[in-house]
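Read through the structure below, which is laid out as structure tokens, and then see the notes.
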Amino acid sequence: MPSNGPVRTVGDTDRPRLAPHVRLAYDPARGRHVLLAPEAVSVLNRTGAAILDLCDGERTVTQIVAELSGRYAHVAGDEVRLFLARLAARRCVEVGDG
């Protein structure tokens, strides 16, 4: 579901979580994680799945980036925020203020 409006920015203190109608799942047929939304399936890469797995509504974006930095060599906070902003624009992620 594309958005025609401006992309909402995601700040460091925001606490993202999956929208109630969206589910993160592992698809054994594809061998990858997918994001399941009504009438849509998005195949995720490993990093995207790791980001969404940490989106529990409790962790801030800063905490998510810090956790990812412990797992991966190069994590750009601006790329994580952009990924989450795009999913928020598609109503797959809800972003609560910190």
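By convention here, the first residue in the shown sequence is residue 1.
- Residue pairs that meet the salt bridge (charged side-chain N to carboxylate O under 4.0 Å, His left out) test with at least one member in residues 21-37, sequence neighbours left out, are Asp27-Arg30.
- Of the residues Asp78, Val10, Ile51, the one that meets the side-chain contact (heavy atoms from CB on, under 4.5 Å) test with Phe83 is Ile51.
- Between Val61 and Pro16, some side-chain heavy-atom pair lies under the 4.5 Å cut-off.
- The stretch residues 24-57 participates, sequence neighbours left out, in these ring pair (Phe, Tyr, Trp, His ring centres under 6.0 Å) pairs: Tyr26-His33.
- Closest approach of Ala37 and Val22 over heavy atoms only: CB-CG2, 4.1 Å.
- For the pair Leu87 and Leu52, the minimum side-chain heavy-atom distance is below 4.5 Å.
- When all heavy atoms of Pro20 and Glu94 are compared, the pair lying nearest together is CD-OE2, 3.2 Å.
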- Item | CA sep, side-chain torsions, deciding dist, call: Glu58, Gln63, side-chain contact (heavy atoms from CB on, under 4.5 Å) | CA-CA 10 Å; Glu58 298 296 321; Gln63 291 169 324; over 6 Å; no
Using distance only, find each side-chain donor-acceptor pair of residues 38-45 under 3.5 Å and give its atom names and separation, not counting sequence neighbours.
from  : atom 1 : to    : atom 2 : distance (Å)
Ser42 : OG     : Arg90 : NH2    : 2.9
Asn45 : OD1    : Thr47 : N      : 3.2
Asn45 : OD1    : Gly48 : N      : 2.6

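- Not a single salt bridge (charged side-chain N to carboxylate O under 4.0 Å, His left out) links Asp53 to another residue, sequence neighbours left out.
- Listed by first and then second residue, the salt bridge (charged side-chain N to carboxylate O under 4.0 Å, His left out) pairs that reach into residues 59-68 are Asp56-Arg59, Glu67-Arg71, sequence neighbours excluded.
- Atom OG of Ser69 sits about 11.5 Å away from atom CD1 of Ile64, to the nearest 0.5 Å.
- Residues in residues 46-78 take part in no ring pair (Phe, Tyr, Trp, His ring centres under 6.0 Å) pair, two or more places apart or across chains.
- Looking only at side-chain heavy atoms (C-beta outward), Val95 and Leu84 stay at 4.5 Å or farther from each other.
- Atom-to-atom distance recorded for Leu54:CG and Leu68:CG is 5.5 Å, nearest 0.5 angstrom.
- Judged by distance alone, the side chain of His21 and the main-chain N or O of Leu36 form no donor-acceptor pair under 3.5 Å.
- Distance alone, capped at 3.5 Å, is enough to place a donor-acceptor pair between the Thr62 side chain and the Asp12 backbone.
- Proximity of Leu35 to Cys92: side-chain heavy atoms (C-beta onward) are separated by under 4.5 Å at one or more points.
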